[in-house]
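All remarks here apply to the structure that follows.
We name chains A, B, ... by the order of the sequence lines, and we start the count at 1 in each one.
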Amino acid sequence: MEMLNKVCEALELVRKVNPLVHHITNYVSVNDCANITLTIGASPVMSDEIDDVGDLIKISNALVLNIGTLNKRTIEAMFYVGKEANKLGIPIVFDPVGTGATKLRTEIAMKIIDEIDISVLRGNMSEIKSLIGLSSSTKGVDSTEKMEGAEEISKLASKKFNCVVGISGEVDVISDGERIYKVLNGHSILTKVTGTGCMVTSLIGSFLGAGCNPLTSCVSGYVVMGICGEEVFKKSGNNIGTFKVKLYDEIFNINEIKIKEGVLLEKC
Amino acid sequence: MEMLNKVCEALELVRKVNPLVHHITNYVSVNDCANITLTIGASPVMSDEIDDVGDLIKISNALVLNIGTLNKRTIEAMFYVGKEANKLGIPIVFDPVGTGATKLRTEIAMKIIDEIDISVLRGNMSEIKSLIGLSSSTKGVDSTEKMEGAEEISKLASKKFNCVVGISGEVDVISDGERIYKVLNGHSILTKVTGTGCMVTSLIGSFLGAGCNPLTSCVSGYVVMGICGEEVFKKSGNNIGTFKVKLYDEIFNINEIKIKEGVLLEKC
Amino acid sequence: MEMLNKVCEALELVRKVNPLVHHITNYVSVNDCANITLTIGASPVMSDEIDDVGDLIKISNALVLNIGTLNKRTIEAMFYVGKEANKLGIPIVFDPVGTGATKLRTEIAMKIIDEIDISVLRGNMSEIKSLIGLSSSTKGVDSTEKMEGAEEISKLASKKFNCVVGISGEVDVISDGERIYKVLNGHSILTKVTGTGCMVTSLIGSFLGAGCNPLTSCVSGYVVMGICGEEVFKKSGNNIGTFKVKLYDEIFNINEIKIKEGVLLEKC
């Protein structure tokens, strides 16, 4: 499958290029985001001070925007650095954490998508549904929506927002408005570790920074997390602390052979 | 013992109800607080932006307030969301980190207790002593006070503040102003991992969110952390990094049988 | 070697004194900084609110300033608490994260060194070069500079800034303006874990807080991290998640015998 080869190339590329990935992200999973970025072969830099981010984005290869613990100060910095990234042609992945759960999150997420050119939008079903104006229920930053209709919704959102859209779920669904890919890898234990969604976003940012196109970057992020999550569960079982530690081990050692053996990727 | 059965029921309940627990907490242990909340069977959401917390508390089942790294912006959000929680009848657990160590912490903690109805107040001996106006010594966020008189102090504080009070120490002491419980489980290695106090507070918030009463919630938080800490030390010994990882494993897999086998709970 | 004995004494001292180390640090590695401080035998306290830090520094034994995620609010607190520490004679270790990468970081770092008496300055080659006015290249918070000339540069920086200077690299180089020490321990896998530089800074802060002189504190921080990093890599290999966990185990259990067996320390 063509996409599978692209995923393998993406992995090779990120380790070769070692891109710098600038994050404005939440303070809950920020350490995990930095470590996952290093683990996949990229370099993280975190800053949310408006007087600092303009210089950092100039030397960065990709930008991650994540509104998990947004506040007025960091929102301002996000808009500023997002627009600077657009001017410089630096790709952006946006994680609209908790959209639909609060008015502020929904408004800011809509405004980011409206005013900034995003390469990849990655969220859960609640978040993406609320962004395209469908009613949705949430449990704070976790989705309570079924994945039914995810293919159509990802395609619709992709066309509406003119970017690749990834919806995380039991099956991850990715669309660029034309094509739809489904990643069937993964394990439900991933939802018991905080920040695994944010970590996928950082993986996508790492692939974008390496020069991969948005569709490949998004599929690659999900494939890596999905295969590794599955594999680690086999080893550590229902041991959530050990699971998280070994997830880093597994991602650090993922390679083409393991991807080709483990991947469950479908094109619709 | 009646309380022991209630603790076991609390554990069952939190996993069944999967309550949403809103935190305004410190940026040191925030990731651990989120993970421990997931580990015990609840869902965490973290936000400290005043324009965001009002919507979040409406969908939450409990609120955790923790002043570990307080600042003017988050203090304002704490008072706002605390009062909203009171209006909505949502239970609050308050962790007065570092009270007694600085004028600001002591003042804010007193003001929170004064203006907001708290269900559970959980702190160390230095913090609780300083809150009831007794002179106390601290080492920043760690207590340097002996546990002598903890029974009387927990009872006094409980009556004064009209909430359940839990005092962490070699033996954890909990009072609702009438009854006093002591949890003799635990291990001193827990004081060598940052944030284990905050994590107990998040456990208490999870039990409160599941609908348990304040006394049961507070005792349950200490019993879970105490038994699991003890058990993990047996397995990992003086390996502090491994200890922290396996603490999550143990709590994720705690059950009624393990509680009944391991518990050291006394009613005074 | 005289310095080796001093390192061993420093380790004994930090565990005996259990100093309180106040940090204003970044939100990426703050949890690791707190844990490493506990692991070596000191106590951490983190606060960046200007109305809080003045009281905390009075009861602290050392101060860590780290500009990894600086913002206007925390910058103000750093200058305030730094000057208070100077008045009280409390030693300061400064970590100029990302200096050279942005104008703001370079300006603030220069101003801190100019206005506050620092005991130890610890950074990577890019950071230290940019601080002494040499052109340097960076990758955000990571150095892209070779270690060539590090001896001369550490000595120069030390004389210019009137403090001990530690430059992290394949070989760590430390100077007090007269003497130069090189720590050859360590492993490149340490650069794949976020915050290991910050963690060395916290170790140095812990030794300073125990009453060790700046040169001994800086050498001791590097020796402990270097020997333990090396040792852990032998056990866990290319498993980055496991490596980080066992790094805490190793540091918690480091002792005089292990230091004397493993140390690779040179005086130039």
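Annotation: C:E115, atom CD; neighbour count of heavy atoms from other residues, nucleotides and ligands within 6.0 Å is above 12. Taking a 6.0 Å sphere around NZ of C:K16, one finds it holds 12 or fewer heavy atoms contributed by other residues, nucleotides or ligands. Few gaps surround NZ on C:K72; more than 12 heavy atoms of other groups in view lie less than 6.0 Å from it.
Ranked by heavy-atom pairs under 4.5 Å with chain B, the list C:V30, C:T39, C:D32 is led by C:V30. Chosen from C:I251, C:D48, C:V45, the residue pairing most often with chain B at heavy-atom distances under 4.5 Å is C:D48. In terms of heavy-atom pairs under 4.5 angstrom with chain C, the leader among B:V28, B:N26, B:T69 is B:V28.
Atom OG1 of B:T144 sits about 10.5 Å away from atom CG of C:L20, to the nearest 0.5 Å. Here the straight-line distance linking atom CG of B:L70 with atom OG of C:S47 works out to 6.5 Å at 0.5 Å rounding. Separation of atoms CG (B:N71) and CD1 (C:I50) is listed at 12.0 Å; rounding is to 0.5 Å. From C:I36, atom CD1 reaches atom OG1 of B:T194 across 12.0 Å, with rounding to the nearest 0.5 Å.
Counting only heavy atoms from C-beta outward, the side chains of B:L104 and C:D55 never approach each other to under 4.5 Å. The side-chain heavy atoms of B:V193 and C:L38, taken from C-beta on, include no pair separated by under 4.5 Å.
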(message) C:N31 vs B:N31, test: side-chain hydrogen bond (donor to acceptor under 3.5 Å, both in side chains). Steps then yes/no.
(response) CA-CA 9 Å; C:N31 182 267; B:N31 182 267; over 6 Å; no

(request) In sequence, state the C-alpha distance, the side-chain angles, and the governing distance for C:M46 and B:V141, and then conclude on side-chain contact (heavy atoms from CB on, under 4.5 Å). (result) CA-CA 9 Å; C:M46 273 69 182; B:V141 297; over 6 Å; no

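Across C:I59 and B:G140, no two heavy atoms sit closer than the pair CD1-N, 3.7 Å. The shortest non-hydrogen separation linking C:T25 to B:Y27 is O-OH, 4.4 Å. When all heavy atoms are compared, the tightest approach of C:V245 to B:T242 is CG1-N, 3.4 Å. When all heavy atoms of C:N35 and B:K192 are compared, the pair lying nearest together is OD1-O, 4.2 Å. Nearest heavy atom pair, residue C:S43 against residue B:K139, reads OG-CD, 4.2 Å.
Judged by distance alone, with hydrogens and angles left aside, the side-chain atoms of C:D52 form no donor-acceptor pair with the main-chain N or O of B:T102 at under 3.5 Å.
Looking at C:L247, there are no atoms closer than 4.5 Å to chain B (heavy atoms on both sides), in backbone or side chain. Contact annotation for C:L56: both backbone and side-chain heavy atoms come within less than 4.5 Å of a heavy atom of chain B. Within the 4.5 angstrom heavy-atom criterion, atoms from both the backbone and the side chain of B:N238 approach chain C. The parts of C:N18 that come within reach of chain B are both its backbone and its side chain, each placing non-hydrogen atoms under 4.5 angstrom from that chain. Contacts of B:T191 with chain C are made by backbone atoms alone, with heavy-atom separations under 4.5 Å and no side-chain atom involved.
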